[in-house]
A.B. asks: 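Right, I'll just put the structure down here and ask away after.
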Amino acid sequence: MRVEPFALSLAEPLGTARGRMTERAGFVVALDLDGVVGVGEAAPLPDWTESLNACEAALTAVAAGIDEGREPGTYLSREDGDESDGDALHGAPAARHAVATAVLDAGARRAGEPLHERLTREYGTRSAAAVETVPVNATVGDGVPAETAEAAAEAVETGFGTVKLKIGARDAESDSERVAAVRDRCPSADLRADANGAWDGDTARRALAAFADDRVAYVEQPLPVDTTTDGEGQRHDLTAHASLRGGAVGIAPDESLAAGGEGLAPVHAALDAGAADAVVLKPMALGGPDRAVAAATAARQAGVTPVVTTTIDGALARATAVHVAAAIPDVPACGLATGGRMAEDLLPTDPAPVASGAVRVPDGPGIAGGTRWHDPTS
Ligand SMILES: O=C(O)CCC(=O)c1ccccc1C(=O)O
Ligand SMILES: [Mg+2]
């Protein structure tokens, strides 16, 4: 297995409650499975996944194990995340994402089918369906009300039906003004907001009441991650998010789904705790496209809406996430329109371009047909 580092700068940094994102770094892996090469991307992001160093260490260990004859699939054996303790990909979801994607990509390329068809069959709820596009939301970063409304209006003009606003970088009253300004300019857009854990319970209740007037569909991660548990073993952050539900504005855990356990355990905990109207599923943070589709299936069974987003990744992981979304029947608008922020990218052309508020699902074999990483001589 080859492991190649990358670093990509963002042309348009994203302002969030956790600061500004300006660069993404990670690794592309290329894995030869009986003569068919599959590729996958690891784009680790602190707060969501292991560190860049831990990711590299995990991938290096997997590469060494494969060189010694270990079967790549055995690193992924349990899709519920129960890999045996001490195994290389335990606690390294971004590294697992790369390896799982490469294995799936090689299998799909061998079968001559797009990745989403394989994901659908193996981890989804229906037989493979032809899916040409997936609806996506525009992502609008922090800014003063006029800027925010302008960016949202521009997105709606270019065809986005859904706009997601980053909030929580300023106080809740200022964010309510931003949301009101957007609603004013975009009367018929579907609106969402993402607090990235910036609020406490009282602030959240106040802000959610104000957002209801402006018909915000849901808020991602209103409260911070807190994996400590009460006497019954329930996580405090999940209980707290559950107590915010019931109003007009839905609650959509995001960071909480990447904390407090391996693999899908946090997703199941959030569903069991009744903490979610929607769940924000990031294949990179969950440890792979296989797990993300399995999480969506579990969410649907619990009556919870699955939404797929990236951690703002390179083109390979973005396209992988598009395949995940395509494997979910009637998926709502997903946070996959982030390619335009990149100043440079992993592929010369975007295999999953966005137009009119939808992303095109790649229809070649595997993730996106052939790339230079698929050519073992390059
Ligand atoms: O969902 C979107 O619209 C874009 C993705 C996004 O907001 C994001 C990007 C990187 C890291 C975290 C997040 C997040 O959803 O919190
Ligand atoms: Mg979020």
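Only this structure's heavy atoms are used, side chains among them; waters, hydrogens and symmetry mates stay out. One-based numbering, in listed order, for ligands and for the atoms of each.
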A.B. asks: If the cut-off is 4.0 Å to any non-hydrogen atom of Gly335, which atoms of ligand 1 fall inside it?
C.D. replies: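 Near Gly335, meaning under 4.0 Å from one of its heavy atoms, ligand 1 has 1 (O), 2 (C), 3 (O), 4 (C).
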A.B. asks: Is there an N/O/S atom in Glu220 that lies less than 2.8 Å from the Mg ion (ligand 2)?
C.D. replies: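 It does; at least one qualifying atom falls short of 2.8 Å.
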A.B. asks: For residues 365-378, which residue pairs pass the salt bridge (Lys or Arg N to Asp or Glu O under 4.0 Å) check, not counting sequence neighbours?
C.D. replies: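 Only Glu4-Arg372 qualify under salt bridge (Lys or Arg N to Asp or Glu O under 4.0 Å).
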A.B. asks: Counting each atom of ligand 1 from 1 as listed, which ones have a heavy atom of Glu220 under 4.0 Å away?
C.D. replies: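 Close to Glu220: 15 (O).
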A.B. asks: Verify the distance criterion only: is there a donor paired with an acceptor across the side chains of Arg205 and Ser243 at less than 3.5 Å?
C.D. replies: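 The answer is yes; a qualifying pair exists.
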A.B. asks: Just how far is it from atom CG of Asp171 to atom CD of Glu177, taken to the nearest 0.5 Å?
C.D. replies: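 It is 8.0 Å, given to the nearest 0.5 Å.
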A.B. asks: Any idea which part of Thr338 is under 4.0 Å from ligand 1, heavy-atom wise: side chain, backbone, both or neither?
C.D. replies: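 Thr338 to ligand 1: side-chain contact only, backbone stays beyond 4.0 Å.
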A.B. asks: Starting from atom 5 (C) of ligand 1, find the nearest protein heavy-atom neighbour and note its residue, name and distance.
C.D. replies: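 Ranked first by proximity to atom 5 (C) of ligand 1 is Thr310 O, 3.5 Å.
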A.B. asks: Can you tell me which residue and heavy atom of the protein come closest to atom 9 (C) of ligand 1, and the distance to 0.1 Å?
C.D. replies: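 Of every protein heavy atom, Ile312 CG1, 3.4 Å lies nearest to atom 9 (C) of ligand 1.
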A.B. asks: Look up atom CZ in Arg192 and atom CG in Asn137, then write down how far apart they are to the nearest 0.5 Å.
C.D. replies: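 Result: 5.0 Å between the selected atoms.
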A.B. asks: Quick test of your reading of the model: are Glu147 and Arg178 salt-bridged, counting only N-O distances below 4.0 Å?
C.D. replies: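 Result for this pair is no, no salt bridge flagged.
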A.B. asks: I'd like to check which ligand 1 atoms, numbered from 1 as shown, lie under 4.0 Å from a non-hydrogen atom of Asp254.
C.D. replies: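 The list of qualifying atoms is 14 (C), 15 (O), 16 (O).
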A.B. asks: Taking the non-hydrogen atoms of Asn196, is any one of them nearer than 4.0 angstrom to ligand 1?
C.D. replies: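 It does; at least one heavy atom falls under 4.0 Å.
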A.B. asks: With Lys164 as reference, evaluate Asp194, Thr139, Asp190 under the side chain to side chain donor-acceptor pair (under 3.5 Å) test and give the passing residue.
C.D. replies: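 Of the listed residues Asp194, Thr139, Asp190, the side chain to side chain donor-acceptor pair (under 3.5 Å) partner of Lys164 is Asp194.
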A.B. asks: So is Gln221 touching ligand 1 or not, going by heavy atoms under 4.0 Å?
C.D. replies: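 In this structure, Gln221 fails to qualify as a contact of ligand 1 - no heavy atom is under 4.0 Å.
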A.B. asks: Note the single closest protein heavy atom to atom 12 (C) of ligand 1, along with its residue, its atom name and the distance in Å.
C.D. replies: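 Residue, atom and distance for the closest contact: Trp48 CZ2, 3.4 Å.
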A.B. asks: Where is the nearest protein heavy atom to atom 15 (O) of ligand 1: which residue, which atom, and how far?
C.D. replies: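 Going atom by atom, the protein heavy atom closest to atom 15 (O) of ligand 1 ends up being Lys282 NZ, 2.7 Å.
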A.B. asks: In this structure, would Val134 and Val293 fall into the same cluster of hydrophobic residues linked by side-chain contacts under 4.5 Å?
C.D. replies: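 Shared cluster, yes.
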A.B. asks: Test Asp142 against every option in Lys166, Arg20, Arg170, Arg18 by the salt bridge (Lys or Arg N to Asp or Glu O under 4.0 Å) rule and name the one that passes.
C.D. replies: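 The single option meeting the salt bridge (Lys or Arg N to Asp or Glu O under 4.0 Å) with Asp142 is Arg170.
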A.B. asks: Hey, which atoms in ligand 1 end up nearer than 4.0 Å to a heavy atom of Lys166?
C.D. replies: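 Close to Lys166: 6 (C), 7 (O), 8 (C), 13 (C), 14 (C), 15 (O), 16 (O).
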A.B. asks: Among all protein non-hydrogen atoms, which one is nearest to atom 2 (C) of ligand 1, and what is the separation to 0.1 Å?
C.D. replies: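 Of every protein heavy atom, Lys164 NZ, 3.2 Å lies nearest to atom 2 (C) of ligand 1.
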A.B. asks: Side chain or backbone, does Glu255 bring an N or O within less than 3.5 Å of an N or O on ligand 1?
C.D. replies: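 No - when backbone and side-chain N and O of Glu255 are compared with those of ligand 1, no distance drops under 3.5 Å.
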A.B. asks: Could you verify whether a donor N or O on one side chain and an acceptor N or O on the other, from His323 and Thr320, lie under 3.5 Å apart?
C.D. replies: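 No pair is found: no donor N or O on one side chain lies under 3.5 Å from an acceptor on the other.
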A.B. asks: Rounded to the nearest 0.5 Å, what separates atom CD in Glu41 from atom CG in Leu346?
C.D. replies: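 Atom-to-atom, Glu41:CD and Leu346:CG are 5.0 Å apart.
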A.B. asks: Any N or O on Asp194 sitting closer than 3.5 Å to an N or O of ligand 1?
C.D. replies: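 Checking ligand 1 against Asp194, an N or O pair does fall under 3.5 Å apart.
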A.B. asks: Is there a heavy atom in Leu45 that sits closer than 4.0 Å to ligand 1?
C.D. replies: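 So Leu45 counts as touching ligand 1.
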A.B. asks: What atoms of ligand 1 come closer than 4.0 angstrom to any heavy atom of Asn137?
C.D. replies: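 Matching atoms, with element in brackets: 3 (O).
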A.B. asks: Heavy-atom contacts with Thr309 under 4.0 Å: which atoms of ligand 1 show up? List them by number with element.
C.D. replies: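 Those atoms are 1 (O).
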A.B. asks: Assess whether side-chain contact (heavy atoms from CB on, under 4.5 Å) is satisfied between Met21 and Thr16, documenting all intermediate values.
C.D. replies: CA-CA 8 Å; Met21 183 181 284; Thr16 80; 5.7 Å; no
A.B. asks: Return the name of the atom in Asp254, of element N, O or S, nearest to the Mg ion (ligand 2).
C.D. replies: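 Asp254's closest N, O or S atom to the Mg ion (ligand 2) is named OD2.
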A.B. asks: State the atom name: nearest N, O or S atom of Asp194 to the Mg ion (ligand 2).
C.D. replies: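 That would be atom OD2.
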A.B. asks: Atom 3 (O) of ligand 1: which protein heavy atom is closest, and how many Å away?
C.D. replies: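 Checked against all protein heavy atoms, atom 3 (O) of ligand 1 sits closest to Thr139 OG1, 2.6 Å.
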A.B. asks: When you compare the side chains of Ser176 and Arg206, does any donor N or O come within less than 3.5 Å of an acceptor on the partner?
C.D. replies: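 No donor-acceptor contact under 3.5 Å links the two side chains.
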A.B. asks: For Lys282 and Thr309, test the side chains for any donor-to-acceptor distance below 3.5 angstrom and give the result as yes or no.
C.D. replies: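 Short answer, yes.
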